[in-house]
Amino acid sequence: DKSIRNHGAKAASMLALGSWGRRLRRWLFELFGSSTALDLLASDRFVTSRFRDRLLVELNNVVQAALGTAIEQLDGYRSRRYGLAREAQKLIEERFAEPISTQCIARDLGVSSRVLQYAFRDVLQTNPHHYICNRRLKSVRRALRERSASDATIAALALENGFSELGRFAGHYRRMFGELPSITLRS
């Protein structure tokens with residue numbers, strides 16, 4: 001009797017998901033609280049059938065309540081991360097030419113760097129550092145296509161767009177667009 005009661009308590013504690021979990025736990029304790037309940041359950045097919053049906057209904061209620069809560073939490077995380085990614089994008093646009101890091105953006109938005117990275121990954125499928133770099137590279141490419149070789153130098157455009165290391169800039173540009181910035185400027 002005691003081992004069955006402990007088993008029921010363990011099952012109920014594993015399913016302790018809010019009010020439905022507490023309700024199921026209370027019901028299991030009431031049912032297994034006396035040995036006559038166990039004897040009745042084992043001896044009568046009708047009672048066994050009712051027990052099974054009631055247990056299935058209670059378990060279904062617990063699962064439905066847990067799923068509803070989990071879905072609500074997931075929707076909340078998604079909307080917060082979406083909003084955070086959009087706020088970070090605005091901040092990046094405001095400080096486009098300035099040296100800006102993931103830590104600076106996170107600090108200004110009042111979140112940790114990890115939270116900001118999760119938001120970018122979930123919403124934009126990249127991290128903040130790559131987003132900033134890619135955004136700047138696209139801006140340089142657009143400027144190179146709009147200007148003639150005599151109007152601007154590549155170095156000046158790179159510096160205007162927040163790149164301070166010109167050698168790395170050229171390497172990033174080539175990886176992203178498959179050509180050097182000088183080729184883009186000439187074409």
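Values reported hereafter were calculated over all heavy atoms of this structure, with side chains retained and with hydrogens, waters and symmetry mates removed.
- In terms of hydrophobic clustering, with Ile, Leu, Val, Met, Phe, Trp and Tyr side chains grouped at heavy-atom distances under 4.5 Å, Val115 and Ile92 are assigned to a common cluster.
- The CD1 atom of Ile105 sits 8.0 Å away from atom CZ of Arg95, with the distance rounded to the nearest 0.5 Å.
- Applying the side chain to side chain contact (heavy atoms under 4.5 Å, CB included) test between Arg141 and each of Glu179, Met176, Glu146 identifies Glu179 as the sole match.
- Grouping the Ile, Leu, Val, Met, Phe, Trp and Tyr side chains by contacts below 4.5 angstrom, directly or via other members, places Phe177 with Val140.
- Once rounded to the nearest 0.5 Å, the distance linking NE2 of His129 with CD1 of Ile100 reads 12.5 Å.
- Counted within 6.0 Å of CZ on Arg86, heavy atoms from surrounding residues, nucleotides or ligands total more than 12; the atom is thus considered enclosed.
- Electrostatic pairing of Lys90 and Glu87 counts as a salt bridge here, judged by a charged N lying under 4.0 Å from a carboxylate O.
- Closest approach of His130 to Thr126, counting heavy atoms only: CB-OG1, 3.3 Å.
- For the atom pair Gln89 CD and Phe120 CZ, the distance stands at 6.0 Å (nearest 0.5 Å).
- Ring orientation note: the planes of Phe163 and Phe169 are tilted relative to one another, at an angle of 30° to 60°.
- Between Ala155 and Leu166 the shortest heavy-atom distance is CB-CD1, 3.7 Å.
- The CZ atom of Arg175 sits 10.5 Å away from the CG atom of Asn134 when rounded to the nearest 0.5 Å.
- Criterion: ILVMFWY side-chain heavy atoms under 4.5 Å apart, direct or through other members. Under it, Phe96 and Leu157 are not part of a common hydrophobic cluster.
- The distance from the OG1 atom of Thr153 to the CG atom of Leu144 is 9.5 Å, given to the nearest 0.5 Å.
- Residues Leu116 and Gln103 have side chains not in contact (no heavy-atom distance under 4.5 Å, counting atoms from C-beta outward).
- Here the side chain of Arg136 pairs a donor or acceptor atom with the backbone of Asn161 at under 3.5 angstrom.
- Distance check: Cys133 SG to Asn127 CG gives 10.0 Å after rounding to the nearest 0.5 Å.
- Note on Leu84: it clusters hydrophobically with Leu91, by side-chain heavy-atom contacts below 4.5 Å among ILVMFWY residues.
- Within a 6.0 Å radius of CZ in Arg121, more than 12 heavy atoms belonging to other residues, nucleotides or ligands are found.
- Because its NZ or CZ atom is not both nearer than 6.0 Å to the ring centre of Tyr82 and within 45° of the ring axis, Arg80 does not count as a cation-pi partner of that residue.
- Two different hydrophobic clusters hold Leu159 and Leu137 under the rule that ILVMFWY side chains link at heavy-atom gaps under 4.5 Å.
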